[in-house]
Amino acid sequence: MSKPVKIIECPRDAMQGIKAFIPTEQKVQYIQSLLRVGFDTIDFGSFVSPKAIPQMVDTAEVLSMLDLSKTTSKLLAIIANTRGAEDASQHKEIDYLGYPFSISENFQMRNTHKTIAQSVETLSEILEIAHKSNKQVVVYISMGFGNPYGDPWNVDIVGDWTEKLANMGVKILSLSDTVGTSNPESIDYLFSNLIPKYPNIEFGAHLHTTPTTWYEKIDAAYNAGCNRFDGAIQGFGGCPMAKDELTGNMPTEKLLSYFTSKKVNGLNALSFESAFNEASKIFLKYH
């Protein structure tokens with residue numbers, strides 16, 4: 001029997017690197033269309049410094065304008081420090097705080113201006129804030145499949161960090177392919193070893209991909225036991241701190257194609273088509 005899957009749609013990831021400001025009303029219209037599809041979670045915005053990600057400066061306003069009365073989807077906001085966690089925690093509508101934790105020292109400095117040691121300390125404080133406000137923390141191990149900066153990386157390092165994060169009380173851990181460095185072998189090895197070892201952790205795959213490698217990456221993760229996948233419609237976006245024109249987010253339509261073939265796609269096809277059209281309007285206009 002096929003396993004059920006959770007699809008997390010990431011409009012925040014798709015929008016954050018666009019320089020031209022997308023009007024708040026258009027963001028609301030797009031996210032509202034996504035809320036009708038049936039995604040498990042919508043990664044809708046972030047509470048980070050507007051200097052770092054100016055596109056997301058209106059996240060609180062977007063949230064206040066969303067109609068959440070008819071959706072089953074939960075909301076996730078990205079944060080980079082304790083202030084962001086405090087700000088996001090003021091909003092009862094938000095279920096998850098997403099924290100990017102890089103096992104590449106270079107990338108952690110680029111992304112949050114912190115060393116890995118400082119980032120561990122910050123995460124500990126974020127977990128405490130989340131606990132007090134009844135939120136869950138999703139930790140992203142960015143550079144989880146390797147990195148281009150020359151930092152040490154191997155599957156044992158990923159395993160060691162998983163153990164440390166588990167001991168800190170992390171319950172949801174998403175391995176992130178920040179610059180498209182994953183391959184089916186590393187995906188299979190990591191998930192097939194980590195998932196059985198940490199039954200109390202929900203593992204996710206935040207995969208970036210080139211247009212020709214999407215299938216093998218999804219297939220390797222799913223067959224290795226992963227059932228939580230992040231995507232962005234049409235593959236828009238990626239990490240603005242690690243730009244590569246060929247490497248984008250995992251296209252949600254590819255995820256749905258794959259999981260339809262496995263008979264585990266429970267999303268509303270008509271609503272997805274509508275959201276896909278909304279994505280085209282926004283991203284072709286402002287990208």
Side-chain angles (χ1 to χ4, degrees), residues 4-16 18 21-48 53 55-79 84-99 126 129-138 171-172 174 202 204 206 227-234 236-237 249 252-253 255-256 259-260 264-283 285-286:
V5 293
K6 293 181 179 179
I7 307 292
I8 288 76
E9 176 62 26
C10 303
R12 181 272 320 165
D13 204 350
M15 290 188 280
Q16 68 180 6
I18 296 174
F21 187 73
I22 301 167
T24 302
E25 294 76 11
Q26 291 193 30
K27 287 181 180 137
V28 171
Q29 185 175 334
Y30 179 43
I31 295 168
Q32 200 68 57
S33 74
L34 296 171
L35 287 166
R36 293 189 282 269
V37 177
F39 293 111
D40 180 82
T41 302
I42 308 289
D43 173 354
F44 83 102
S46 61
F47 290 82
V48 298
I53 310 287
Q55 188 63 255
M56 295 290 109
V57 69
D58 59 348
T59 288
E61 190 180 356
V62 167
L63 182 59
S64 72
M65 296 168 69
L66 292 173
D67 177 4
L68 302 172
S69 64
K70 294 176 184 173
T71 187
T72 58
S73 298
K74 296 175 278 293
L75 294 180
L76 180 149
I78 295 292
I79 47 123
E86 294 279 11
D87 289 347
S89 293
Q90 302 303 311
H91 301 277
K92 66 181 188 305
E93 302 91 346
I94 293 174
D95 300 281
Y96 299 109
L97 308 180
Y99 183 67
I126 288 169
I129 292 165
H131 180 71
K132 286 178 181 173
S133 56
N134 201 29
K135 312 290 187 201
Q136 291 191 71
V137 177
V138 179
K171 300 292 186 192
I172 306 174
S174 193
E202 179 182 338
H206 184 100
N227 70 344
R228 178 188 176 95
F229 289 82
D230 290 7
I233 289 176
Q234 299 185 47
F236 288 119
N249 278 305
T252 309
E253 59 273 18
L255 285 170
L256 301 194
F259 290 120
T260 297
V264 289
N265 171 18
L267 303 187
N268 184 305
L270 284 176
S271 294
F272 180 75
E273 186 178 345
S274 174
F276 187 96
N277 292 335
E278 288 292 331
S280 296
K281 283 184 210 170
I282 284 187
F283 294 110
K285 182 175 181 180
Y286 292 100

Answer whether the closest heavy-atom distance between the side chains of F44 and M15 falls below 4.5 Å.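 No. Closest side-chain heavy atoms not under 4.5 Å.
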Side-chain heavy atoms of Q55 within contact of Y286, under 4.5 Å: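 No. Closest side-chain heavy atoms not under 4.5 Å.
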Keeping [X] on the side-chain end and [Y] on the backbone end, is there a donor-acceptor pair under 3.5 Å?
X    : Y    : answer
S46  : I78  : no
T41  : I8   : no
Q32  : L66  : no
Q16  : M56  : no
N227 : P4   : yes
E278 : S274 : no
T71  : R36  : no

Spacing of CG belonging to D95 relative to CD belonging to E93, to within rounding of 0.5 Å: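 Rounded to the nearest 0.5 Å, the CG-CD separation comes out at 9.5 Å.
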Nearest 0.5 angstrom please: K70 NZ to L68 CG, how far? 12.5 Å
Among Y30, F276, F283, exactly one meets ring-ring contact (aromatic ring centres under 6.0 Å, His included) together with F236. Which residue is that?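 That would be F283; it is the only one of Y30, F276, F283 passing the ring-ring contact (aromatic ring centres under 6.0 Å, His included) with F236.
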Candidates I94, V48, I126 - the one meeting side-chain contact (heavy atoms from CB on, under 4.5 Å) with I79: I126
Looking only at heavy atoms, what is the nearest atom pair of [X] and [Y], with distance?
X    : Y    : value
D230 : S174 : OD2-OG, 4.3 Å
S280 : Q234 : OG-NE2, 2.8 Å
P11  : L34  : CG-CD1, 3.6 Å

